[in-house]
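The next block holds one structure in the form of structure tokens; read it before the comments.
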Amino acid sequence: EVQFVESGGGLVQAGESLRLSCAASGLPVDDYVIGWFRQAPGKEREGVSCIGPSNGTTDYTDSKKGRFNISVDDVKNTVNIQTDSPKPKDTAVYYCAEDWAKAYCSSYYYYWPQGFWGQGTQVTVSS
């Protein structure tokens, strides 16, 4: 059974480092396109970033470029995302999701990943 579990959320101060982890079981993360979405209160879900198989292609949505960094840990079988400058506008529930239908990460990933989703982790950034 495939399962994704997000962790690392909580309350952080603006400007403090934030690192979220998506731990996968049932599949090797390095073989799939996996990424992150987020949903803020009262807003639609939006894409954050994705990474392709074998630590290949990466993509970030416009407002995330230069602030977030996505990576894969093959040993822990996790997909991680980090920002060293979180802002209050980054407050949201963050989800990871895989897309088995795509061979590489691109902006098309954000339309709707074909695969499993995690349950999400709440991030609250205080000013």
Side-chain angles (χ1 to χ4, degrees):
E1 180 184 1
V2 176
Q3 189 176 20
F4 293 100
V5 178
E6 300 93 338
S7 63
L11 177 65
V12 296
Q13 295 284 331
E16 290 186 351
S17 181
L18 171 67
R19 179 180 174 90
L20 304 178
S21 182
C22 172
S25 58
L27 59 77
V29 296
D30 204 30
D31 287 357
Y32 295 88
V33 175
I34 297 177
W36 289 86
F37 286 77
R38 71 184 188 184
Q39 187 165 20
K43 296 187 177 181
E44 292 185 356
R45 189 173 294 178
E46 64 170 348
V48 178
S49 179
C50 63
I51 188 166
S54 301
N55 279 313
T57 52
T58 60
D59 186 86
Y60 300 87
T61 53
D62 288 345
S63 66
K64 320 305 182 296
K65 291 177 181 177
R67 293 205 305 122
F68 286 81
N69 183 62
I70 192 168
S71 63
V72 165
D73 185 324
D74 295 332
V75 175
K76 296 181 179 179
N77 206 37
T78 60
V79 178
N80 310 302
I81 192 163
Q82 181 170 345
T83 176
D84 291 330
S85 58
K87 304 178 188 301
K89 67 179 180 179
D90 295 319
T91 294
V93 178
Y94 285 72
Y95 303 87
C96 61
E98 62 135 339
D99 193 335
W100 57 263
K102 295 187 174 56
Y104 57 90
C105 160
S106 73
S107 60
Y108 289 106
Y109 164 83
Y110 308 112
Y111 284 103
W112 194 253
Q114 301 293 309
F116 293 90
W117 288 70
Q119 293 299 307
T121 184
Q122 173 71 50
V123 172
T124 303
V125 183
S126 64
S127 58

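Please read these numbers as outputs of a predicted model, since none were measured by experiment.
The closest donor-acceptor contact from the side chain of Tyr60 to the backbone of Ile70 lies under 3.5 Å. Side-chain atoms of Glu6 come within 3.5 Å of backbone atoms of Cys96 as a donor-acceptor pair (strictly under, hydrogens ignored). The main-chain N or O of Pro86 is never found under 3.5 Å from a side-chain atom of Glu16 such that the two would form a donor-acceptor pair. Between the side chain of Asp31 and the main chain of Pro53, no donor-acceptor pair closer than 3.5 Å is present. Checked by atom type and distance alone, the side chain of Asn77 pairs as donor or acceptor with a backbone atom of Leu27 at under 3.5 Å. The closest donor-acceptor contact from the side chain of Tyr109 to the backbone of Gly35 lies under 3.5 Å. With Thr61 contributing its side chain and Ser63 its backbone, the two residues share no donor-acceptor pair below 3.5 Å. Ser49 places a side-chain N or O within 3.5 Å of a backbone atom of Asp59 that can act as its donor or acceptor partner.
Applying the ring-ring contact (aromatic ring centres under 6.0 Å, His included) test to Trp100 and every residue at least two apart in sequence or in another chain returns nothing. Considering only residues two or more places apart in sequence or on other chains, Phe4 meets the ring-ring contact (aromatic ring centres under 6.0 Å, His included) condition with none of them. For Lys43, there are no salt bridge (charged side-chain N to carboxylate O under 4.0 Å, His left out) partners two or more places apart in sequence or in a different chain.
Of the inter-residue distances, the one linking Gln82 atom CD with Arg67 atom CZ reads 13.0 Å to the nearest 0.5 angstrom. For the atom pair OG (Ser54) and CG (Asp74), the distance works out to 8.5 Å, reported to the nearest 0.5 Å.
Across all non-hydrogen atoms, the minimal contact from Lys89 to Arg38 is O-NH2, 3.9 Å. Here the closest non-hydrogen pair linking Gly120 and Val93 is CA-CG1, 3.9 Å. Scanning all heavy atoms of the two residues, the minimum distance from Ser127 to Gln13 falls at O-OE1, 3.9 Å. The minimum heavy-atom distance linking Asp90 with Val125 is given by the pair CB-CG2, 4.3 Å.
Atom CD of Gln119 has 12 or fewer heavy atoms from other residues, nucleotides or ligands within 6.0 Å.
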Original post:
Would Ser106 and Thr57 count as a side-chain contact (heavy atoms from CB on, under 4.5 Å) if you check the C-alpha gap in whole Å, the side-chain angles of each, and the deciding distance to 0.1 Å?
Top reply: CA-CA 8 Å; Ser106 73; Thr57 52; over 6 Å; no
**OP:** Go through Trp117 and Phe37 one step at a time and tell me if the ring-ring contact (aromatic ring centres under 6.0 Å, His included) criterion holds.
**Re:** CA-CA 10 Å; Trp117 288 70; Phe37 286 77; 5.0 Å; yes
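Within the structure, salt bridge (Lys or Arg N to Asp or Glu O under 4.0 Å) contacts touching residues 115-127 (residues at least two apart or in different chains) do not occur. Residues in residues 50-82 take part in these disulfide (SG to SG under 2.5 Å) pairs, two or more places apart or across chains: Cys50-Cys105.
Tyr108 forms part of a hydrophobic cluster together with Tyr111, judged by ILVMFWY side-chain heavy-atom separations under 4.5 Å.
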